[in-house]
Amino acid sequence: MAARKRKAAATVAKTEELPPAEPSRRRSARVSSSTTKSKYFEAASDESELDDVVATKRRRKSTQPTATPKKTGRKGAKKAAVEDEDAEDEYKEEAVKDEDEEDDDANSKADDSDDEIDEDAPPKVTFIPLPKLRDTGGVEYADKHLHKNTFAFLKDLKANNKRPWLKLHDDEYRRSLKDWESYAMSLTDKIVAADETIPELPFKDINFRIYRDIRFSNDPTPYKPHYSAAWSRTGRKGPYACYYVHVEPGACMVGGGLWHPDGGALQKLRASIDERPQRWRRVLMDPEFRRVFLPKVAPAASASKGKKKKAGDDHDDTAVIQAFAESNAEGALKTRPKGFIPDHRDMALLKLRNFVVGKKLPEDVFTAGGSQDEVARVVKAMVGFVTHLNRTVMPDPNDDDDDDDDDSDDSDGEDNGDDA
């Protein structure tokens, strides 16, 4: 028994003297179970913790089995020392960078908390005072004329043609619109007295609203800086020729006629020019019509007094027709319309697409006490012209045949020529 125990003890001693066996492969430097904080997720909080990280790395390297280093001399030792210093500096820089990122996150959170709205605090309200109405200057609003404040509003609207501005000045707009409505309705009596075919219509049927349709327009302004109205047998809409009144600072006018008639009405007008030219000459050669709307070919002052003269005594009818065509040159055809010979003597009228006349008036005419009398005088001068257009486009059943009128005009002209 004693010999066996000695043999076992010798075996144990021999086992302890054996050198440790080398591992089959290299161990990884990263140990997942280590208590050291990862440099990728959380940096060291101070210098002491950073030193612990470096020391742990060094111990880990010393415990790893390594091959016998070669003799490199002083250069090798110096190089190894430099590498250790570089590694230590790299760890320190990464730790400092992580600390800066944590500070930035903390600052951003603090800023976010400052930007949060305090629900308990009272709301901030900014009060914008509404503009006051203009002073009337001691002049009362009346039905027979427009107030100067109405023109002042239209001038401001043109300079500030935006929806927020008009909403802010809604009271001023309502007052000026009411002034225009009373003026237009009182003017209706003057127009009905001049032309009995015009009925008395409500304001909404004769007034043009200031709102513009900008869906297909290059002009983005939402409002028209003027007031306007049209009187016809059907109001501002319909196939009939109308009387038109336009109120705008610096661009007031009174006119009438047919503006851009449809294709059927345009064919009737051209057929009338071709078949009944004498009737057109009789309307355009009217002395009062020429004096008001065609001043370049107006008759002499003595032409309306004394003995009746032939239509072409003051100016040739060709000059009058040319003046009328030039005033309606907008939208006219460049070439002759189809179905007419090139050398037609009234080709200037056949090319037209608009048949309108107009007379510009100053603002004082509308603000003065007797303004409607001047407007009525202009309307009376074109009653024959508007009646002629309506008889051509929308003739009444009881209208006489135009051929009879033309024949009587020709015979009168011959008699007048003999008397002269």
Sequence neighbours excluded - side chain to side chain donor-acceptor pair (under 3.5 Å) pairs with any residue from residues 353-365:
His260-Asn354

In short, side chain to side chain donor-acceptor pair (under 3.5 Å) pairs touching residues 241-259 with sequence neighbours left out are Asp195-Tyr243, Tyr244-His246, His246-Glu248

Suppose the criterion is salt bridge (charged side-chain N to carboxylate O under 4.0 Å, His left out): which pairs have a residue in residues 196-218, not counting sequence neighbours?
Arg212-Asp219, Asp213-Arg215

So, using side-chain contact (heavy atoms from CB on, under 4.5 Å) as the criterion, who are the partners of Pro164 when residues are at least two apart?
Lys162

Arg281 with Asp346: basic N within carboxylate O range, under 4.0 Å
yes

Can you run down the salt bridge (charged side-chain N to carboxylate O under 4.0 Å, His left out) pairs that involve residues 221-242, sequence neighbours left out, and say none if there aren't any?
Arg233-Asp396

Set of residues satisfying salt bridge (charged side-chain N to carboxylate O under 4.0 Å, His left out) with respect to Arg336, sequence neighbours excluded
none

Checking Tyr223 now: which residues fulfil ring pair (Phe, Tyr, Trp, His ring centres under 6.0 Å) with it, not counting sequence neighbours?
Tyr211

Sort and list the pairs that fulfil ring-ring contact (aromatic ring centres under 6.0 Å, His included) and have at least one residue in residues 332-383, not counting sequence neighbours.
Trp280-Phe355

Residues 176-192 vs salt bridge (charged side-chain N to carboxylate O under 4.0 Å, His left out), sequence neighbours excluded, gives Lys190-Asp373

Residues which pass salt bridge (charged side-chain N to carboxylate O under 4.0 Å, His left out) with Asp343, listed by chain and number, not counting sequence neighbours
none

Could you list the residues that satisfy salt bridge (charged side-chain N to carboxylate O under 4.0 Å, His left out) with Glu326, not counting sequence neighbours?
none

Enumerate the residue pairs fulfilling salt bridge (charged side-chain N to carboxylate O under 4.0 Å, His left out) with a member in residues 142-154, sequence neighbours excluded, ordered by first and then second residue.
none

